[in-house]
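Notes to accompany the following structure.
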Amino acid sequence: MRLSRYFLPVLKETPADAQIASHRLMLRAGMIKQQQAGIYSWLPLGFKVLKRIEQIVHEEQVRAGHIPLLMPTLQPADLWQESGRYDAYGPEMLRIKDRHGRDMLYGPTNEEMITDIFRSHVESYKSLPLTLYHIQWKFRDEVRPRFGVMRGREFLMKDGYNFDLTKEDALHAYNRHMVSYLRTYERMGLTAIPMRADSGPIGGDDTHEFLVLAETGESEVFYDAQVPDLKLGERRVDYDNRDEVAGICEEFTTLYARTDETHDEALFNAIPEERRRVGRGIEVGQIFYFGTKYSEAMGATVNTPDQGRVPVHMGSHGIGVSRLVGALIEANHDDKGIIWPEGVTPFHVGIVNLKQGDVSCDSACEALYRAFVEAGLEPLYDDRAERAGAKFATMDLIGLPWRITVGPRGIASGKVELTSRRTGESEEMTSEEAVEKVAAIYAAL
RNA sequence: CGGGGCGUAGCGCAGCCUGGUAGCGCGUCUGUUUUGGGUACAGAAGGUCGUGAGUUCGAAUCUCGCCGCCCCGACCA
């Protein structure tokens, strides 16, 4: 993409309404525009990041054997009356009437609807196990939306639902989700810690929240200093292997890590003092096992091998996709702007032409641009007639992890400069070497 | 939903107390200039001062209502 032809409305000054870093930077970098309290338009740069995150979530769900579908944002009230949540949910649920006076709602979650889909088409234990998920916009009419996309009213969420014959099977689904989530966050360059949590209104016995450590987090967290060092890394996971999956879950949940909701002072104090940590975290996902709560209420039953009929065991599992954009920035920024991890960056590399209109600089930039496109990468070429300072400031603000600087001085000796946004370190090399190096970095992801 | 604050040009703000022709910086547009970290000069465009009512000869300014937004708490992917 050529910046002169892109739509990137960056702001030099910080909008007064934004208090925390991610919100400020998303506005300044032209990623979002607020339309109402807690409701945002996603401008091209923000939309790109959102889509990258969504893509990673999809890939890891499919890898775990889960099946994508898409349910509507608007739901009929009667499904929720069946489960009893129409009255239980309260004013957080946005209720709407259509022209015929029928009661509808903008879905805050989809347990009822997915259960309806399941019961319409599944009759036999032979169809199990089954895990369906979608990534769709949700609406929760928060009393007080804040922190930009981290606490919006409208938000994009991946929500998945497992249907299993037995509790044991459902717990395997639970574990599968935990491992797939760990992998999802790691690919984004985030450390998200599973913490035992309260079940809240969704109900159920087993639940973990995934927290990204950040000072601006809304939850207080207590954890063993060794927990953030746990990594899934390169290991291959067979998601059908129950023992292996359970083993990984055990590895990641044995050390103490809890939110204030479930914090246990005595257990915490059993950790050696130098390893006790208290901090704050941003919740970016949650997994639940809730048994037959919805299947019983809504008649989602299957025939069993011994001629019986039983309600299925279920769980639901969510990742806050739009919230992750904010959480990623909270975890990756400095005073100049955003620093995207390679896994989610909107463009792979920025090309800065220090002397637009200079024949040798222009042609070197064009050649770099073509080379990156041919290598399957997306460059953002700042070809505006701005001076160097403005171009650097824009690149720093929008946070592309790699920048190539092309100027008359370097070009005279056949060199360009490759700079890491994270470390600020620069290296001189030929254009070919720069393309090769950047391509190798992304190929290794 | 309790408490606090704000609404004046695209963005950031001053003016309001003490009513009298609506201003500044940035951005935008035109021209010149400059060119390795948000450049300089000259000119231009852009505002029913959130909204409705009231007081007044006269309201951005005073009074009341409404709407919107932000912050702190209680609640949540």
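Residue numbers begin at 1 in each chain, while the letters A, B, ... track the order of the sequences.
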Whole angstrom is fine here: how far is it from [atom1] in [X] over to [atom2] in [N]?
| X | N | atom1 | atom2 | value |
| --- | --- | --- | --- | --- |
| A/Leu27 | B/C11 | CG | P | 11 Å |
| A/Met150 | B/C75 | CE | P | 19 Å |
| A/Asp260 | B/C75 | CG | P | 10 Å |
| A/Arg151 | B/C69 | CZ | P | 16 Å |
| A/Asn353 | B/G37 | CG | P | 15 Å |
| A/Gln34 | B/C70 | CD | C1' | 9 Å |
| A/Ile39 | B/C70 | CD1 | P | 11 Å |
| A/Asp382 | B/G36 | CG | C1' | 14 Å |

Mind telling me whether A/Trp42 and A/Trp137 have parallel, tilted or perpendicular rings, with 30° and 60° as the class edges?
tilted
Base paired to [N] (Watson-Crick or G-U; both N/O distances under 3.5 angstrom):
| N | result |
| --- | --- |
| B/U28 | B/A44 |
| B/U51 | B/G65 |
| B/G37 | none |
| B/G2 | B/C72 |

According to ring-ring contact (aromatic ring centres under 6.0 Å, His included), who are the partners of A/Phe347, at least two apart in sequence or on a separate chain?
A/Tyr6
Just jot down the ring-ring contact (aromatic ring centres under 6.0 Å, His included) partners of A/His348, sequence neighbours excluded, or say none.
A/Tyr442
For [N] versus [M], give the span between their [atom1] atoms, rounded off to a whole number of Å.
| N | M | atom1 | value |
| --- | --- | --- | --- |
| B/G65 | B/U55 | C1' | 15 Å |
| B/C11 | B/G50 | P | 13 Å |
| B/U39 | B/U28 | P | 10 Å |
| B/G54 | B/U48 | P | 22 Å |

Indicate, with a heavy-atom threshold strictly under 4.0 Å, whether A/Asp396 touches base, sugar-phosphate, or nothing.
base
Classify A/Arg153 by what it touches in the nucleic acid, base, sugar-phosphate, or nothing, heavy-atom distance under 4.0 Å.
nothing
Nucleotide nearest [X] (side chain, heavy atoms from C-beta), chosen from [options]:
| X | options | value |
| --- | --- | --- |
| A/Pro15 | B/G12, B/C72, B/C70 | B/G12 |
| A/Arg387 | B/G12, B/U39, B/C71 | B/U39 |
| A/Thr394 | B/G36, B/G38, B/G73 | B/G38 |
| A/Glu142 | B/G37, B/C76, B/C69 | B/C76 |
| A/Gln19 | B/C1, B/C75, B/C71 | B/C71 |
| A/Ala393 | B/C69, B/G38, B/C71 | B/G38 |
| A/Glu92 | B/G73, B/C76, B/G36 | B/C76 |

How close do A/Gln75 and A/Gly107 get, heavy atom to heavy atom, and via which atoms?
NE2-CA, 3.5 Å
For A/Glu261 and A/Val406, find the nucleotide of RNA chain B closest to each by heavy atoms; which residue's nucleotide sits nearer the 5' end?
A/Val406
Between A/Pro145 and A/Glu218, which is nearer to the 5' end of RNA chain B once each is assigned its nearest nucleotide?
A/Pro145
Please state whether the phosphate of B/C72, meaning OP1 or OP2, lies under 4.0 angstrom from any side-chain nitrogen or oxygen of A/Arg144.
yes
Tell me, do A/Leu380 and A/Ile398 make a side-chain contact under 4.5 Å, heavy atoms counted?
yes
Against the six-membered ring of A/Tyr369, is A/Arg2 placed for a cation-pi contact (under 6.0 Å from the centre, within 45° of the normal)?
yes
Decide yes or no, distance alone: a donor-acceptor N/O pair under 3.5 angstrom between the base of B/G37 and the side-chain of A/Arg403.
yes
Identify all pairs in which a protein N or O lies below 3.5 Å from an N or O of nucleotides 24-30 of chain B, and state each distance.
from  : atom 1 : to      : atom 2 : distance (Å)
B/G25 : N2     : A/Glu13 : OE1    : 2.7
B/G25 : N2     : A/Glu13 : OE2    : 3.4
B/G27 : OP1    : A/Lys12 : NZ     : 3.3

